[in-house]
Asks: 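Take a look at the following structure, please.
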Number of protein chains: 2
Amino acid sequence: MPFLLLKDLPRYECLLEAANDFPELDPSAAEAYLHLLHTGDEVFGVSDRSLAGHNISHGRFGVLMLLWRGVQPRAAKLLGADACTPGPRTPAELADACKVTRATMTGLIDTLERDGYVKREPDPVDRRMMSVLLTPKGVEFLTEFLPGHFKVISALMSPLSEAERKTLVHLLGKIQQQASRLHPKHEAVPAATV
Amino acid sequence: MPFLLLKDLPRYECLLEAANDFPELDPSAAEAYLHLLHTGDEVFGVSDRSLAGHNISHGRFGVLMLLWRGVQPRAAKLLGADACTPGPRTPAELADACKVTRATMTGLIDTLERDGYVKREPDPVDRRMMSVLLTPKGVEFLTEFLPGHFKVISALMSPLSEAERKTLVHLLGKIQQQASRLHPKHEAVPAATV
DNA sequence: GGCTGAAAGTTAGCCCCCTAACGATATTTG
DNA sequence: CAAATATCGTTAGGGGGCTAACTTTCAGCC
């Protein structure tokens with residue numbers, strides 16, 4: 001919930017006027033950009049508060065959700081994954097799935113383990129690796145927390161009709177695609193090796 | 001850019017299927033929610049990288065923008081403010097405008113001052129207060145950075161038509177309103193004092 | 001069989017965010 | 001006027017991100 005910009009967003013007319021002084025400024029683009037970040041922040045905040053009551057952060061929540069597949073195969077569906085393929089186990093896999101560095105994942109697992117939600121176990125065959133497992137307390141948290149969380153999400157989106165939700169997802173998809181085009185993760189390997 | 005959830009979003013069909021196991025889950029709401037956070041994160045990341053090249057974070061950027069009004073009244077328009085009213089000056093005002101705590105603002109000003117973008121001056125009349133001022137280096141950063149930043153924003157939103165941008169802002173507005181309804185900042189004072 | 005290199009996880013150090021508690025100063029009030 | 005209260009900015013300590021460097025272990029190649 002802490003991430004950004006200003007409390008009060010400029011109105012479109014202000015941006016329009018400002019564009020006189022800043023030729024590179026596209027008022028409607030800036031308006032959409034600011035609203036996207038602002039609303040995202042607000043929604044993130046609501047969801048965060050819902051988690052914070054249980055002393056869980058979004059990062060920790062992601063880890064627990066991913067690990068849940070190990071004990072509840074039906075959870076795989078929630079994550080958009082094939083129920084047959086095994087879920088992530090090692091810190092490296094978890095870091096990848098959560099889009100965090102391995103160093104950050106070490107920290108997350110540290111506190112989750114300290115708080116009893118998770119347990120580390122050494123891999124019997126490759127001694128470099130660890131397996132991370134959900135404890136009963138971790139499972140209990142998820143089963144108690146998720147229904148309420150789903151209700152919060154449902155409430156958040158309740159002002160939008162089904163059609164509006166589809167439209168929103170569609171528009172966000174376009175932006176998302178453009179955003180990932182603007183920062184190629186692997187810098188577009190030239191593919192000219194032979 | 002670091003804030004959330006999973007790398008791969010579940011597809012709608014998966015959520016639909018998952019709703020069989022979780023009666024509280026509203027698939028279209030969850031889909032919209034996940035896309036909103038994911039896209040917001042992605043867009044935030046692009047913008048963040050654009051700032052990071054200058055060793056500036058979003059928090060620091062917000063402070064610089066707010067202080068800019070002190071030297072460039074035309075900047076007020078960008079912030080949606082009346083050009084006549086003076087901009088924020090003290091750490092407390094800046095913290096309020098940036099939606100961060102005063103403690104956080106102390107930290108931001110500390111590093112901005114250390115890097116030479118900003119200067120603290122004691123208030124001559126109220127000795128509890130400080131005034132924060134932009135240095136020439138701070139002004140230089142903004143004038144050099146903003147045009148490129150505007151271009152990035154423009155590029156991000158380029159896949160959307162004017163009509164689509166309006167629609168997006170409208171839909172986000174509904175969600176934003178609902179979100180602030182779900183976490184009343186001041187817990188809805190009953191207003192029954194007399 | 002013994003180097004070399006890659007991979008897993010961790011550590012150390014920094015940034016930005018938070019809450020809580022604090023000294024210093026103003027203001028209100030008895 | 002003096003005491004209580006409020007406000008300003010800061011400090012202390014913690015969480016969760018990051019990068020860079022390190023240790024341990026495995027795999028490949030003379």
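Chain letters run A, B, ... following the sequence lines, proteins first and then strands; every chain starts at 1. Values below: every heavy atom of this structure, side chains too, minus hydrogens, waters and symmetry copies.
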Asks: Could you state the atom-to-atom distance from CZ of A:Phe44 to C1' of D:dG16 in whole Å?
Replies: 10 Å
Asks: Is it true that A:Asp115 and A:Lys137 make a salt bridge, defined as a side-chain N closer than 4.0 Å to a carboxylate O?
Replies: no
Asks: Report yes if the side chains of B:Arg89 and B:Leu133 come closer than 4.5 Å at any heavy-atom pair, otherwise no.
Replies: yes
Asks: In this structure, how many angstroms lie between the P atom of D:dT19 and the CE atom of A:Met105, rounded?
Replies: 14 Å
Asks: Of the nucleotides D:dT25, C:dT10, D:dC8, which one has an atom closest to the side chain of B:Arg102?
Replies: D:dC8
Asks: Identify whether any heavy atom of B:Val125 sits under 4.0 Å from a base atom; if not, whether one sits that close to sugar-phosphate; answer base, sugar-phosphate or nothing.
Replies: sugar-phosphate
Asks: Using side-chain heavy atoms (C-beta onward) and a distance below 4.5 Å, is B:Arg60 in contact with B:Leu51?
Replies: no
Asks: To the nearest Å, how far apart are A:Leu108 CG and D:dG17 C1'?
Replies: 9 Å
Asks: Let's see if you can work this out: which of D:dG15, C:dC16, D:dC8 has an atom nearest to the side-chain heavy atoms of B:Met129?
Replies: D:dC8
Asks: Looking at D:dT7, C:dC17, C:dT11, which one has an atom nearest to any side-chain atom of B:Arg128?
Replies: D:dT7
Asks: Could you tell me the separation between the CG atom of A:Asn55 and the C1' atom of D:dG16, rounded to a whole number of Å?
Replies: 13 Å
Asks: From the set C:dG9, D:dG9, C:dT19, return the single nucleotide nearest to any side-chain atom of B:Met130.
Replies: D:dG9
Asks: Can you see if the side chain of A:Arg49 gets near the phosphate of C:dC18 - specifically, an N or O under 4.0 Å from OP1 or OP2?
Replies: no
Asks: Round to a whole Å and report the spacing from CG of A:Asp96 to P of C:dA8.
Replies: 11 Å
Asks: Is it true that A:Ser28 and B:Glu162 share a donor-acceptor pair across their side chains at a distance under 3.5 Å?
Replies: yes
Asks: Between C:dC16, C:dA20, D:dC8, spot the one nearest the side chain of B:Ala103, thanks.
Replies: C:dA20
Asks: Heavy-atom nearest nucleotide on DNA chain C for A:Glu93 versus B:Gly107: which residue maps closer to 5'?
Replies: A:Glu93
Asks: Give the rounded distance in Å between these two atoms: CZ of B:Arg60 and P of C:dC14.
Replies: 15 Å
Asks: With the threshold set at 4.0 Å, does a side-chain nitrogen-carboxylate oxygen contact exist between B:Glu164 and B:Lys166?
Replies: no
Asks: Taking atom P of D:dG9 as reference, at what distance in whole Å does atom CD of B:Glu121 sit?
Replies: 14 Å
Asks: Does a side-chain N or O of B:Arg127 approach OP1 or OP2 of C:dA26 to a distance below 4.0 Å, or not?
Replies: yes
Asks: Identify whether any heavy atom of A:Ser57 sits under 4.0 Å from a base atom; if not, whether one sits that close to sugar-phosphate; answer base, sugar-phosphate or nothing.
Replies: sugar-phosphate
Asks: Of the candidate nucleotides D:dT19, D:dT25, C:dC16, which contains the atom at the shortest distance from the side chain of A:Asp126?
Replies: D:dT25
Asks: Which one, C:dG9, D:dG15, D:dT10, comes nearest to the side chain of B:Pro91?
Replies: D:dT10
Asks: Counting just side-chain N and O atoms, does A:Arg120 come under 4.0 Å of either OP1 or OP2 of C:dT10?
Replies: yes
Asks: Just how far, in rounded Å, is C1' of D:dG15 from NE2 of A:His58?
Replies: 15 Å
Asks: Fit a plane to each ring of A:Phe61 and A:Phe145, take the angle between them on a 0 to 90° scale, and name the class: parallel (under 30°), tilted (30 to 60°) or perpendicular (over 60°).
Replies: perpendicular
Asks: Taking only side-chain nitrogens and oxygens of A:Thr101, does any of them come within less than 4.0 Å of OP1 or OP2 of D:dC18?
Replies: yes
Asks: I want to check one thing: is the phosphate of D:dC8, taken as OP1 and OP2, less than 4.0 Å away from some side-chain N or O of B:Thr90?
Replies: no
Asks: What's the closest nucleotide to the B:Thr104 side chain, out of D:dG9, C:dG9, C:dC18?
Replies: C:dC18
